[in-house]
Amino acid sequence: MPELPEVETICRGLNHLTLDRAILGGDVLLASSIARSMSASDFLTKLKGKSIERWYRRGKYLLAELSQCRGGAPVPAQTVLPSTSPLGGGWGGLTSSVFLPSQTGWLGVHLRMTGQLLWVNQSEPLPKHTRVRLFLEENQELRFVDQRTFGQMWYVPSETEVSSVVTGLKVLGPEPFSAEFSTAYFAQKLHRRARPIKTALLDQSLVAGLGNIYADEALFVSGVLPTTLCADLTADQIGRLHAAIIQVLQKAIASGGTTFSNFLNVQGVNGNYGGVAWVYNRKGQPCRACSTPIERIKLAGRSTHFCPVCQTKGEVNGF
DNA sequence: AATAGAACCTGCGGGC
DNA sequence: TGCCCGCAGGTTCTAT
């Protein structure tokens, strides 16, 4: 379900609502929702007595920094700083807080296609696809609901490098809003590559966080056909696409995630990506810019939508 | 090394 | 009404 803007929206909501409350217990209704690095019972045992200090997003991953609640076992201070951050490159300001003495592990979450993280009262009726429940103080609950069961949760002990457990973090490229994601970097990664640009945009090692919706939207805004081979992109096209990726994602975050989906934020409220998509899921409907019917093809096994006129003009679309 | 395709699941909507 | 097919926002494993 979620791409970067939706995960960012969830992350902000979680930081607003879930911090500094003791995790008193939990319930794993589907064992496979806990990544196989750990059993479901160990997962719950490790989380019990901890609280969430802060949520972070990396690509489409959510990571909660945990701390020990008062009354818990004392945590020895870290005396030797490791040479690399446990969260790997591209994490920016997070590194400095990782080895505070109170830090006692991480909770990782990936929502995959249909996962939802909801902050509810424990008395709320359980949706059919409830997979994991974490019970916090004052009868509150962090509830993981996931119809297609692809979503995953991880517990990572504080002395362990996060990416050694949440292995998907290892292959993530730069955050799209970071300085590392420069036009020069983008051009270099596309240089002489044979695959279509749409396929490349879905590759999380190129840039982290784009998914099928925003890849199509960014290609429309930049006026580039999704079938264009990376090697055939002009410097101008690469520049427009680089800018469009950032613009489309920022706009979606500003609107609280997409609305053409069953996306819900942590309080169960639908997002609002400026109201509309330019091309995604609009096959046969008139282009919002030129009225030409939107076309739909398949690339890398994913449906791909584009305007055959606007994306061949050699200029930016949208306003 | 780079790339394509299948696999992992459940449910929904369209066509017959 | 019911069955079969394709489709769904993601990642990872396997095969070329």
Side-chain angles (χ1 to χ4, degrees), chain A residues 1-10 29-37 57-62 108-117 127-132 144-154 163 165-173 188-219 226-232 245 248-249 252-253 255-265 270-273 276-284 296-305:
Chain A
M1 146 174 109
E3 303 180 31
L4 186 151
E6 291 73 43
V7 179
E8 178 66 24
T9 299
I10 291 166
L29 290 81
L30 180 71
S32 62
S33 290
I34 310 303
R36 53 175 186 269
S37 58
R57 178 193 59 73
R58 173 81 172 101
K60 299 168 195 168
Y61 290 83
L62 285 164
V109 182
H110 199 300
L111 302 172
R112 292 294 203 275
M113 298 283 258
T114 55
Q116 301 173 343
L117 268 186
K128 180 176 181 181
H129 303 297
T130 304
R131 307 306 184 192
V132 179
F144 180 55
V145 181
D146 183 25
Q147 179 201 120
R148 288 173 73 183
T149 75
F150 294 161
Q152 296 266 265
M153 301 179 97
W154 299 261
S163 66
V165 175
V166 187
T167 52
L169 292 171
K170 280 183 192 165
V171 295
L172 291 185
Q188 180 259 316
K189 292 288 279 190
L190 300 173
H191 186 61
R192 295 195 181 194
R193 297 304 179 89
R195 60 185 172 174
I197 182 61
K198 165 66 184 284
T199 306
L201 294 181
L202 294 177
D203 181 347
Q204 301 296 296
S205 72
L206 174 64
V207 56
L210 278 176
N212 206 36
I213 294 177
Y214 295 109
D216 282 3
E217 294 295 290
L219 285 164
T227 47
T228 313
L229 301 185
C230 295
D232 294 340
I245 289 167
V248 162
L249 293 175
I253 291 172
S255 316
T258 119
T259 192
F260 33 87
S261 73
N262 59 5
F263 167 67
L264 300 177
N265 70 15
N270 200 193
N272 175 29
Y273 166 55
V276 290
W278 290 106
V279 290
Y280 183 77
N281 204 23
R282 297 197 67 239
K283 178 191 175 186
R296 176 179 174 277
I297 59 173
K298 189 151 261 188
L299 278 178
R302 315 298 300 277
S303 67
T304 298
H305 315 77

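Residue numbers start from 1 in every chain, and the chains themselves are labelled A, B, ... in the order their sequence lines are given, proteins ahead of strands.
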Practice problem: Would you check if the side chain of R131(A) reaches a backbone N or O of D146(A) as a donor-acceptor pair within less than 3.5 Å? | Solution: yes

Practice problem: Encode nucleotides 11-16 of chain C as B, S and - characters from 5' to 3', where the letter depends on protein heavy atoms closer than 4.0 Å: B to the base, S only to sugar-phosphate, - to neither. | Solution: SS----

Write down the protein N/O and nucleotide N/O pairs, taken from nucleotides 4-6 of chain C, whose separation is under 3.5 Å; answer none if there are no such pairs.
none

Quiz prompt | First and last nucleotide of DNA chain B, 5' to 3', lying under 4.0 Å from heavy atoms of chain A | solution = dA2(B) to dG11(B)

Exercise. Could I get the full list of side chain to side chain donor-acceptor pair (under 3.5 Å) partners for S205(A), not counting sequence neighbours?
Key: D203(A)

Quiz item: Got a sec, which residues hit side-chain contact (heavy atoms from CB on, under 4.5 Å) with V166(A), two or more places apart in sequence or on another chain?
Solution: Y61(A), W154(A), V156(A), V162(A), L169(A)

Quiz prompt | Pairwise P distance for dG11(B) and dT11(C), with rounding to whole Å | solution = 22 Å

Quiz prompt | Listed partners of A300(A) passing side-chain contact (heavy atoms from CB on, under 4.5 Å), at least two apart | solution = T199(A)

Self-check item: Interatomic distance where CG belongs to D216(A) and P belongs to dG10(C) [whole Å]
Solution: 11 Å

Quiz prompt | Sequence-distant partners of E8(A), side chain to side chain donor-acceptor pair (under 3.5 Å), two or more places apart | solution = R12(A), R57(A)

Self-check item: Contacts of type side chain to side chain donor-acceptor pair (under 3.5 Å), residue K198(A), not counting sequence neighbours
Solution: N212(A), D216(A), T304(A)

Exercise. Could you tell me whether the side chain of K60(A) reaches within less than 4.5 Å of the side chain of Q204(A), counting heavy atoms only?
Key: yes

Self-check item: Intra- and inter-strand pairs of DNA chain C in dot-bracket (Watson-Crick or G-U wobble, both distances under 3.5 Å; | for another strand)
Solution: .|||||||.|||||||

Practice problem: Mind listing the closest non-hydrogen atom pair of G256(A) and T9(A) along with its distance? | Solution: C-OG1, 3.4 Å

Exercise. Measure the shortest side-chain to side-chain distance between L4(A) and I253(A) over non-hydrogen atoms and say whether it is less than 4.5 angstrom.
Key: yes

Quiz item: Which residues pass the side chain to side chain donor-acceptor pair (under 3.5 Å) test with R282(A), sequence neighbours left out?
Solution: none

Quiz item: Can you list the residues that meet the side-chain contact (heavy atoms from CB on, under 4.5 Å) rule with L229(A), with sequence neighbours excluded?
Solution: P196(A), D232(A)

